[in-house]
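Everything on this sheet refers to the single structure shown next.
Below, all heavy atoms of this structure are taken into account, side chains as well, without hydrogens, waters or symmetry copies. Chain letters run A, B, ... following the sequence lines, proteins first and then strands; every chain starts at 1.
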Amino acid sequence: MTLFWILACVTIPAALTVILHRNPVYSALALVFTLFQVAIMFVALDAHLIAFLQIIIYAGAIVVLILFAIMLLSLEPEEPGDGRSSLRAAGWGAAALLGLELVAIAAVFPDTPAAEKPLPEGYGSVAKIAERLFTTHLLPFELTSVLLLVAVVGAVVMARRRTGP
Amino acid sequence: MTEHYLVLAAILFAIGGLGVLIRRNVIVILMSVELMLNAVNVTFVALARQHGSMDGQVIVFFVLTVAAAEVAVGLAIILMNFAQRKTINADEIRLLRG
Amino acid sequence: MEVLISLAKVIFAFVIVLQLTLVLLWVERKGSALIQDRVGANRANLFGGLLPFNLGIVNTWMADPLKLFHKEDIVPADADRFLHWLAPWIAIFPLFVTFTVIPFGDVLIAGGYTINLQGADLNLGILYVLAMLSMAVYGVIVGGWASNSRYAFLGGVRGSAQMVSYEIAMGLSLVSVVLTFGTLDFQEIARAQGDLLFGVFPAWGFFYQPLALLIFFIAGMAESKRAPFDLPEAESELVAGFYTEYSGSKQSVFMMADFVEVAIVAGLVTTLFFGGWQVPWLYRDGFHFPGGFHVFVPSLLVTVLQVLSFLVKLFLFCWLQILIRWSLPRLRYDQLMDLGWKRLLPLSLANVAITAVFVLLFDGKTVW
Amino acid sequence: MLNPYVALLMSFALCALVATIMVCASWILGPKHPTKTKLEIFETGNPPLGSLRGMRFPVKFYLTAILFIVFDIEVVFMYPWAVIFRQLGWAGLAEMAVFVAVLTVGLAYVWRVGALEWE
């Protein structure tokens with residue numbers, strides 16, 4: 001439980017840095033840090049395999065791509081305060097609403113949290129997850145490859161159009 | 001324990017949503033979407049543990065893949081748009097409205 | 001007590017990698033001098049020449065870091081100060097923690113405890129190593145960007161593209177190793193290599209996976225950004241690449257990161273392909289030579305021999321990498337990318353397919 | 001036995017500490033005499049070309065990164081598969097073959113359009 005509170009105290013400021021920092025490179029690095037924290041949460045939740053996938057794919061690949069894009073465009077830090085005002089207001093409004101909702105939930109929070117079932121034998125082990133993935137969820141797994149194929153072809157076509165054939 | 005992680009996930013999701021709404025830099029908006037996806041992943045994993053079922057963890061595999069595809073295509077669109085209009089400001093990108 | 005044992009193991013693993021990098025700095029200087037037929041570093045001496053022989057190793061082991069740490073820390077005026085500081089940190093931190101999961105011995109039974117000689121005995125060791133190695137790319141890309149210099153930036157972008165390209169080949173070559181052994185746990189893989197082939201040869205990984213060894217070694221060398229893959233820091237083209245604008249301890253941290261990576265590649269090659277801490281024919285109760293010959297060795301001595309065996313193998317593969325670095329010319333960037341994507345990637349995919357078929361036909365173990 | 005992740009956490013703390021000390025050493029121990037020339041970026045003695053901002057880079061680096069993501073995911077899916085491969089048998093081989101075949105079409109496409117050519 002101590003781990004949870006430490007994680008919460010570190011993750012929320014990091015996530016806020018992602019959305020509030022003016023320099024997108026800082027945002028990206030804060031995102032990496034947040035993803036790392038989420039990976040630690042996964043470890044705490046007995047999802048060890050997922051935790052490492054999170055770091056390999058998200059932190060190690062997706063954010064690298066985002067950093068490449070930021071650097072390809074050599075962006076200037078954004079001037080603050082000139083976003084669309086209507087959306088800004090809506091955003092802060094939504095955030096305030098959610099804050100209220102969380103307070104409300106906390107007020108009616110059950111004193112005795114849901115009982116924790118004992119976890120089945122080998123919960124979260126690679127073999128068990130792989131078994132589910134390659135038997136029950138085989139079709140989504142195969143479709144994943146099609147999605148990735150479409151994505152890579154689409155991205156290459158668009159990115160190349162920039163420089164011409 | 002599960003409840004705590006769910007609340008934390010909700011907060012992360014809200015932060016991501018806030019980022020989408022208040023920022024105008026498209027790349028930062030994309031990163032905010034990633035935050036929201038991560039919040040959903042935490043929810044999946046926490047609930048999977050609560051129910052002692054592994055399917056919630058398997059779904060995270062697919063969410064990761066979808067996120068990767070989304071970022072690859074999304075950034076390619078941003079790059080193409082930047083080449084034509086020299087902007088990455090979400091307010092100035094109106095491809096579909098002409 | 002358990003916490004203390006864990007801490008001691010973690011510190012031991014860390015000390016191995018820290019000392020190894022410092023020794024490698026010296027070995028590289030002396031080694032390159034040997035290869036190029038010159039004398040090499042021979043000035044600094046611990047007792048000022050009072051000894052009849054030169055303790056040249058002290059030069060780089062002690063004096064070099066001390067000197068570098070006392071240099072001025074120069075941050076270019078236009079640079080982003082925080083990121084300029086952060087880049088070397090990100091470059092070395094994930095590499096430092098990688099070594100924690102590599103086993104340096106079998107279990108040590110002492111004082112009623114059975115101690116697994118591995119910093120942290122994760123059962124997902126291989127994935128952990130891949131995850132940490134994939135983080136190292138940020139040091140390069142952020143370092144290049146934060147300096148706000150064109151040479152540094154070009155070096156950073158080149159370096160990160162190179163590192164991600166070879167990560168794929170590296171990952172795929174390890175998939176075939178996992179196929180052979182059916183586990184992601186380094187300690188289990190090392191133990192499985194204690195068997196004998198034909199009752200004679202130790203069943204080390206390279207008998208099963210020679211191609212994976214080759215691909216992994218090449219990709220690992222490319223990851224460590226050293227010649228012949230030193231494009232990101234090519235002195236004659238890019239000054240010093242992504243760390244052009246670094247000085248003092250920050251620069252030496254970047255340099256050290258390269259050596260830590262060399263040590264990690266050597267450690268992985270040792271553990272996955274050359275039996276890790278295994279000594280041929282040495283078991284818990286002593287040597288069992290082929291032909292029924294048996295020599296008793298006390299259990300504690302067995303553990304010591306195993307740790308020594310690991311360290312010797314580790315050092316040999318570090319030396320091999322230094323030898324290659326000083327023997328081969330640098331690749332061109334197009335050759336580098338060609339090698340990564342057009343040669344190693346299809347080759348490692350084919351290797352996975354072949355391994356899979358072999359595993360199904362012969363269970364992978366009885367191929368020979 | 002102690003949770004191995006606790007040992008991992010200790011390792012993280014130790015390495016973070018040592019890395020921080022090493023990176024900060026010069027700042028603490030070294031002299032500080034900044035001059036204008038010293039703070040300029042170093043371009044082998046040529047007059048510096050100035051800031052990076054507004055500088056453009058070949059889109060090929062981006063294409064490489066996209067290809068990297070796709071194959072990274074493929075590799076990552078292969079690890080759980082490899083662990084239970086003996087249990088899956090020939091069916092497992094066929095499943096992975098289909099998956100890899102589809103992604104190889106992507107690689108072949110990128111190869112054909114010349115995105116892998118560097119000059």
Quiz prompt | Main-chain N/O of Ala222(C) paired to Gln162(C) side chain as donor or acceptor, under 3.5 Å | solution = yes
Quiz item: What closest approach, in Å, do Ala28(A) and Ile70(A) show between heavy atoms, and which atom pair accounts for it?
Solution: CB-CD1, 4.2 Å
Quiz prompt | Leu83(C) versus chain A, the contacting section by heavy-atom distance below 4.5 Å | solution = both
Quiz item: Are Leu95(C) and Ile264(C) side-chain neighbours, meaning at least one heavy-atom pair lies under 4.5 Å?
Solution: yes
Quiz prompt | Sub-4.5 Å side-chain heavy-atom contact between Val10(A) and Phe33(A) | solution = yes
Self-check item: Val63(A), part contacting chain C, at a heavy-atom distance under 4.5 Å
Solution: both
Quiz item: Given a strict heavy-atom distance threshold of 4.5 Å, which part of Leu29(A) is in contact with chain C: side chain, backbone, both, or neither?
Solution: side chain
Quiz item: Atom CE of Met170(C) and atom CE of Met221(C): how far apart are they, to the nearest 0.5 Å?
Solution: 11.5 Å
Quiz prompt | Engaged part of Tyr138(C) at the chain A interface, taking heavy atoms whose separation is under 4.5 Å | solution = side chain
Exercise. Select one option (side chain, backbone, both, neither) describing which atoms of Val64(A) are under 4.5 Å from chain C's heavy atoms.
Key: both
